[in-house]
Protein chains: 2
Amino acid sequence: MSKAANTRLTILQKAFELIYTKGYQTTSIDEIIATTKVTKGAFYYHFKTKDEMGVAIIEEILKPTMLENFIKPTEKSQNPIDDFYNMISYLLMEDPFLQVKYGCPVGNLTQEMSPWNNKFSEALTELVNQWKTTIIKAIEKGQNGGFVRKDVVPEQVAFFILSGYWGIRNFGKLQNDKSVYVVYLQEFKKYLNTLK
Amino acid sequence: MSKAANTRLTILQKAFELIYTKGYQTTSIDEIIATTKVTKGAFYYHFKTKDEMGVAIIEEILKPTMLENFIKPTEKSQNPIDDFYNMISYLLMEDPFLQVKYGCPVGNLTQEMSPWNNKFSEALTELVNQWKTTIIKAIEKGQNGGFVRKDVVPEQVAFFILSGYWGIRNFGKLQNDKSVYVVYLQEFKKYLNTLK
DNA sequence: TGTTCTTCATACTAATTAGTATTTTTTATG
DNA sequence: CATAAAAAATACTAATTAGTATGAAGAACA
């Protein structure tokens, strides 16, 4: 990777971490260049505005991560019910990067940015739709394979799962304690079993 | 109501509306006093800091609203399953104040403030716990009345319902379209029926 | 090696921010 | 009505904000 490309990536990664923990609005460019040890000139060479950098984080950090960790595994899934539980459980309880206190990066950005920034909304919508579509396809496949009841409506379930996930992530932020995840997961498992 | 008390209430109400639509951090005191037509002197007479005002909004606007519209009705409920559906459905589809685009005021504040402001966290936790407790009690009552299966764990269900609500509110912000609520509600009804 | 384009560094600006100091007006009460 | 306290108005400050102007290194290539 060229030195310039490396500078750009460093900015995106460090800025993403700051934004994940502090929020987008409250993360200043001065703070980003201080923690990355990149000068303002370098920053504005790579990104015309702060918002352009924000969208780049979604495109170049969040989307690829999403693809690797959730989309691809779900596409391989034969038994979606069990795999959904494992995926959500892993995300909530095991993932080494995500922290209870700071919630879900995608959920956070959606909450903060989507009502008044179109570029963010579009990028986030794409990302979320990709996840949703993958879940829907997995359920349909599960129905064909006899793992999921035929009267289940895949789109409804996809919305329900993703909503629950975002919601419990927000709950976690409030309580700052993984125990809420445990309680949630128990009911989540029960719900998933009704789809079998 | 005294003129001073009226000034205070006006500030809280208008500030709440601004914060609901724009977020807390991005709502400036200058903007609040501009829309309320109250001077800075008056603002700082009533509130020592911006954060003090923020907490006052939770205590004096959100909590009473919550109590009137959700807690009290739920406490009266005989058949919680049906009433939960109606309550959430009303909130999502009918409530005249809440807008898809702006999500849930409590969820928004939690998302934005809880990781780094303790005063906000505490006030919000109290509020949410009150709602949660009310739901739990309603389920227990429903179990005694034969409306809810005995093997249902009330706390799990309460978390599951509230999470789903917060999550779909966030989804709504992203899509800015009530149709996501409709899809959600269909699955929500199915889920609730499994508790009968 | 000299030149050109890419990448980065430095110093600045104008606007906005929360909050303060001080004075003036309004209200309540004797 | 006089007076004191409550409530509000005005003008300010210091810090922070995103973004800019300009020039200096660095790399690529003739």
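Everything numeric here is computed off the predicted structure, so don't read it as measured data. Chain A is the first sequence line, chain B the second, and so forth, proteins listed ahead of strands; every chain is numbered from 1.
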Legend entry - Nearest-neighbour nucleotide for the B:Ile29 side chain, C:dT17, C:dG19, D:dG19 considered: C:dG19

Inset, instruction - Not counting sequence neighbours, list each pair that qualifies as a ring pair (Phe, Tyr, Trp, His ring centres under 6.0 Å) and has a residue in residues 38-58 of chain B. - result: B:Phe43-B:Phe47

Inset, instruction - Answer with yes or no whether the side chains of B:Asp51 and B:Thr49 bring together a donor and an acceptor at under 3.5 Å. - result: no

Legend entry - B:Lys14 atom NZ: more than 12 heavy-atom contacts under 6.0 Å: no

Inset, instruction - Mind listing the residues from residues 33-53 of chain B sitting with a heavy atom below 4.0 Å of DNA chain C? Number order is fine. - result: B:Lys40, B:Tyr44, B:Thr49, B:Lys50

Inset, instruction - Check the distance between D:dT16's C1' and B:Gln25's CD and give it to me in whole angstrom. - result: 14 Å

Legend entry - Short side-chain N/O contact from A:Ser28 to OP1 or OP2 of D:dT17, under 4.0 Å: yes

Legend entry - A:Leu109 side chain reached by A:Ile19 side chain, heavy atoms, under 4.5 Å: yes

Legend entry - B:Asn108: which of B:Arg169, B:Lys173, B:Lys22 passes side chain to side chain donor-acceptor pair (under 3.5 Å): B:Lys173

Legend entry - Separation of D:dT20 P from A:Asp30 CG (nearest whole Å): 14 Å

Inset, instruction - If the plane angle is over 60° it's perpendicular, under 30° parallel, otherwise tilted; pick one for A:Tyr102 and A:Tyr20. - result: perpendicular

Inset, instruction - Any chance you could list the contact pattern along nucleotides 23-30 of chain C? Use B for base contacts, S for sugar-phosphate-only contacts and - for none, protein heavy atoms under 4.0 Å, 5' to 3'. - result: ----S---

Inset, instruction - Look at the aromatic rings of B:Trp131 and B:Tyr165 and report parallel, tilted or perpendicular, splitting at 30° and 60°. - result: perpendicular

Legend entry - Euclidean distance, atom CZ of residue B:Arg8 to atom C1' of D:dA6 [Å, nearest integer]: 15 Å

Legend entry - Residue that, paired with B:Tyr191, satisfies ring-ring contact (aromatic ring centres under 6.0 Å, His included) out of B:Phe160, B:Tyr85, B:Tyr184: B:Phe160

